[in-house]
Q: 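One structure, pasted below without further comment.
In the text below, chain A, chain B and the rest are named by the order of the sequence lines, each starting its count at 1.
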Amino acid sequence: MEARADAHIPRPETVEHVLVDTEEALAAWVAEGLEAGVVAVDTETDGLTPMRANLVGISLATRPGRACYIPLAHIDPSTPKEGAGGLDFGDGAPPPRQVPLARALAILKPLLEHPGVLKVGHNIKFDWQMFAKHGVTVAPIDDTMLRSYVIGGGRHGHGMDELAQRHLGVTTISFDEVTGTGKNRITFDRVPLDKATAYAAEDADITLRLWHVLRHDVLADRMVTVYETIERPLVPVVARMEMEGVLVDRQVLKELSNDFAKRLVELEAEIHVLAGRTFNVGSPKQLGEILFDEMKLSGGKKSAKTGAWSTDSSVLEELADLGIPICQKVMDWRQFAKLKSTYTDTLGEQINPGTGRVHTSFALAATSTGRLSSTDPNLQNIPIRTEEGRKIRRAFVAAPGNRIMSVDYSQIELRIVAEMAGIPALQQAFRDGIDIHAMTASQVFNVPLDQMTSEIRRRAKAINFGIIYGISSFGLSRQLGISAGEAGAFIKAYFERFPELQAYMEKTKAEAARDGYVRTLLGRKCWIQGIQEKGARKAYAERQAINAPIQGTAADIIKLAMIKLPGALAEAGLNARMLLQVHDELLFEVPDAEVEATSALVRQVMEGAADIGIPLVAEAGVGLSWAEAH
DNA sequence: ATCGCTTAG
DNA sequence: GTCCACTAAGCGATT
């Protein structure tokens, strides 16, 4: 099935990859696209982040083997680079003949916006954004990367080069081959037009050919509903969200950086005194040698891989609890070093000079469970758990006249477990709206609710989390700091109280072993690598198999809510903008006067995004910053 | 490039 | 007997 010579779309008999550099030729391609009803589109730019990149050229494919490249902003390769020094006028040959960008977009717009012509891209979110920046709203769309993702999420990658090889047996021209690598790399606008045409037209051609194959494969794999109701409609929603960006207050970050720098200097000096000599506190290797070779502390563990002393937080915490002062200092140092290097020093540099806001990129096909991920910068792991870290959220602010609103699902993964595993006791608890951790604690440890202690509740909460992670006595014992035997007894008690859960877990593992994948409630496939193996690898795969349907169903549900929200807000005449998604939370910027109406509507849409049986609950918080809203 | 560690849900 | 209780991304040190 994988590397078959494809039965549905033969290899093109002729390959025409042509350069388009006149308006007449471009108009003819547009006519051809309108006639075809399906075109593949690809944009070439001078950068990877759409909010900073400039459009350099566009390629179109109208049938397999027939594609063109329309250069728009190419310059002569000998033109001196910006900022390279020297006089920047008069050097280099004049630019090659090209259709003026505005003219080209005007000619292409009727095709790209035509409701009867499907525009296919590979990761079309990027291209959609490039066109949106120039006033073109591409629709309807299709995406070969996302088609591959719904079929093979967790089993293989979804890059175009990889898919071309696997599905078409074609080795594509690599980007590196065209632009060079390292410090010799040139931006695409300097690539000579013959090379640029060969590369860019091929990309559109391959995308169209992949579309023919993957359209069939998604259908044959019965993944059409997931693709058409979740992945595809999410593209313009996430595209707009990224372009909106979030307002970040540089001054707040600057002050925090200064504060953290001061603390780091102090802590470093104290650590060196306690160590008896100077060393690089940021080097785990040197720290391990100080603690376990020189200070001869006990309780050291060597990592299996490199044989180096482990100095992670669990090790340091144990030693700190024994009253070893250097360990607490190192933990504090690490916290500030992390906050400064990853957040306060870096986020300010990510503010886009054009918009004054920070635009993350959400990857739509990066995880094995259906979750999004966030990069450049990652805005899904902004600190919240410690007081110092949480201060960073003060820098994420609303524009004047607006508020930040955070709306998150309450206990969504446990609700999903209760539903998928069919656990009546848990389902009833959620219907009654009672404290779920206290309730499970009461059931598992035989403690009446009115005699519940925070310690017992804490243990039950840890077990509830453990269930979601594909519980093991080893993992739970580490989490709770108890023996594996005790942890095993807790798990046994839990299964006795909720026997449906154990049955569900066994069934899920068996399915994964039989099929190689598991499914979410909405039908998404999550492939599980290593489930056919033995021992620890199999156990690991089994825990993934337990977790994936739970995490993946939550991902499906919030995606459905995101898809519904723009229309629901518009229909209600509300002007809130969705800014971020953090797995079970959506962040909005809301006009002051619309806070109440928006809060009610967003909660309603999120709670009604999917009917999983038991009710979903969403809770909203509002403030001038993300810190206040949460 | 990879490791070790830390941040989030 | 097991690097791993699940999913991610990024930084500095090290190779």
Q: Taking atom C1' in both C/dC4 and B/dG4, what distance in whole Å separates the two?
A: 14 Å
Q: Can you see if the side chain of A/R334 gets near the phosphate of B/dT6 - specifically, an N or O under 4.0 Å from OP1 or OP2?
A: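 A/R334 to B/dT6 OP1/OP2: side-chain N or O found under 4.0 Å.
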Q: If the cut-off is 4.0 Å, is A/Y540 near the phosphate of C/dT7, judged by side-chain N/O to OP1 or OP2?
A: yes
Q: Determine the contact category for A/N378: base if any of its heavy atoms lies under 4.0 Å from a base atom, sugar-phosphate if only primed atoms, P, OP1 or OP2 are that close, otherwise nothing.
A: sugar-phosphate
Q: Can you see if the side chain of A/R543 gets near the phosphate of C/dA5 - specifically, an N or O under 4.0 Å from OP1 or OP2?
A: no
Q: Which comes earlier along DNA chain C counting from the 5' end, the contact point of A/N464 or that of A/S283, where each point is its nearest nucleotide?
A: A/N464
Q: Rounded to whole angstroms, how far apart are CD on A/E268 and C1' on C/dG12?
A: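 So the CD-C1' distance, A/E268 to C/dG12, works out to 14 Å.
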Q: C1' atom, C/dC3 versus B/dC3: distance in rounded Å?
A: 12 Å
Q: When the distance from CZ of A/R478 to P of C/dT2 is rounded to whole Å, what number comes out?
A: 15 Å
Q: Report yes if a side-chain nitrogen or oxygen of A/T342 is closer than 4.0 Å to either non-bridging phosphate oxygen (OP1 or OP2) of C/dC11; otherwise report no.
A: no
Q: Can a side chain N or O of A/S310 be found less than 4.0 Å away from OP1 or OP2 on C/dC3?
A: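 No, because none of the side-chain N or O atoms of A/S310 sits under 4.0 Å from OP1 or OP2 of C/dC3.
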Q: Would you say A/N280 reaches C/dG12's phosphate, i.e. side-chain N/O to OP1/OP2 under 4.0 Å?
A: no
Q: What is the distance, rounded to the nearest whole Å, between atom CD1 of A/I416 and atom P of C/dT7?
A: 16 Å
Q: If the plane angle is over 60° it's perpendicular, under 30° parallel, otherwise tilted; pick one for A/F445 and A/F490.
A: perpendicular
Q: Return yes if a side-chain donor-acceptor contact under 3.5 Å exists between A/S625 and A/R394, otherwise no.
A: no
Q: Touch check for A/G470, heavy atoms < 4.0 angstrom, all strands: base, sugar-phosphate only, or nothing?
A: nothing
Q: Would you classify A/I471 as touching base, sugar-phosphate or nothing, given that sugar-phosphate means primed atoms plus P, OP1 and OP2, and contacts are heavy atoms under 4.0 Å?
A: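 It contacts base atoms.
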Q: Indicate, with a heavy-atom threshold strictly under 4.0 Å, whether A/E585 touches base, sugar-phosphate, or nothing.
A: nothing
Q: With a non-hydrogen cut-off below 4.0 angstrom, is A/I382 in contact with a base, only sugar-phosphate, or nothing?
A: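 If one applies the 4.0 Å heavy-atom cut-off, A/I382 turns out to touch the sugar-phosphate alone, with no base involved.
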Q: How would you label the contact of A/Q286 with the nucleic acid (heavy atoms, under 4.0 Å): base, sugar-phosphate, or nothing?
A: sugar-phosphate
Q: Might you point out which heavy atoms bring A/R524 and A/M223 nearest each other, and give the distance in Å?
A: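 Closest pair (atom of A/R524, atom of A/M223, distance): CA-CE, 3.9 Å.
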Q: With heavy atoms under 4.0 Å as the rule, sort A/A462 into base, sugar-phosphate or nothing.
A: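 The residue A/A462 makes base contact.
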Q: At a heavy-atom distance below 4.0 Å, what parts of residues 493-530 of chain A sit against DNA chain C?
A: none
Q: Does B/dG9 have OP1 or OP2 under 4.0 Å away from a side-chain N or O of A/R385?
A: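 The answer is yes; a side-chain N or O of A/R385 sits under 4.0 Å from OP1 or OP2.
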Q: Would you say C/dT7 has OP1 or OP2 under 4.0 Å from some side-chain N or O of A/Q544?
A: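 A/Q544 to C/dT7 OP1/OP2: side-chain N or O found under 4.0 Å.
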Q: Provide, to the nearest angstrom, the distance between the CG atom belonging to A/D584 and the C1' atom belonging to C/dA8.
A: 14 Å
Q: Side-chain donor-acceptor pair under 3.5 Å between A/Q544 and A/Q529, yes or no?
A: no
Q: More than 12 heavy atoms of other residues, nucleotides or ligands under 6.0 Å from CD of A/E162: yes or no?
A: yes
Q: How close or far is atom P of C/dG12 from atom CG of A/L287, stated in whole angstroms?
A: 18 Å
Q: Working to the nearest 0.5 Å, report the span between CD1 of A/I326 and CD of A/Q328.
A: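 Result: 12.0 Å between the selected atoms.
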Q: Which one, C/dC6, C/dA9, C/dC4, comes nearest to the side chain of A/N547?
A: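 Ranking C/dC6, C/dA9, C/dC4 by closest atom to the A/N547 side chain puts C/dC6 first.
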Q: From C/dG12, B/dT6, B/dT7, pick the nucleotide closest to the side chain of A/P383?
A: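 Nearest to the side-chain atoms of A/P383, counting from C-beta on, is B/dT7.
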Q: Rounded to whole angstrom units, what separation is found between the CD atom of A/Q380 and the P atom of C/dC6?
A: 19 Å
Q: Between A/E242 and A/K125, does any side-chain N to carboxylate O distance fall below 4.0 Å?
A: yes
Q: Quick check for you: among C/dA5, C/dC11, B/dG4, whose closest atom lies nearest to any side-chain atom of A/P284?
A: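 Of the candidates, B/dG4 comes closest.
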Q: Please work out which of the three classes, parallel, tilted or perpendicular, describes the rings of A/F465 and A/Y469, given edges at 30° and 60°.
A: tilted
Q: Rounded to whole angstrom units, what separation is found between the CD atom of A/Q479 and the P atom of C/dA5?
A: 9 Å
Q: With distance as the sole test, does A/H359 use its side chain to make a donor-acceptor pair with the main-chain N or O of A/M243 at under 3.5 Å?
A: yes
Q: With a non-hydrogen cut-off below 4.0 angstrom, is A/I384 in contact with a base, only sugar-phosphate, or nothing?
A: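 Result for A/I384 = sugar-phosphate.
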Q: Whole Å only: how far is the CG atom of A/L476 from the C1' atom of C/dC4?
A: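 Rounded to whole Å, this separation is 15 Å.
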Q: When you check the side-chain N and O atoms of A/S483 and A/S477, is any donor under 3.5 Å from an acceptor?
A: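 Not at all, the side chains of A/S483 and A/S477 share no donor-acceptor pair under 3.5 Å.
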Q: Measure from the side chain of A/K285, starting at C-beta and using heavy atoms only, and say which of C/dT14, B/dT7, C/dC11 lies closest.
A: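 My answer, after comparing the listed nucleotides, is C/dT14.
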Q: May I ask you to verify if any side-chain N or O of A/S472 is less than 4.0 angstrom from the OP1 or OP2 atom of C/dC6?
A: no
Q: With the side chain of A/D312 defined as its heavy atoms from C-beta on, choose the nearest nucleotide among B/dT6, C/dC11, C/dT7.
A: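 The listed nucleotide nearest to A/D312's side chain is B/dT6.
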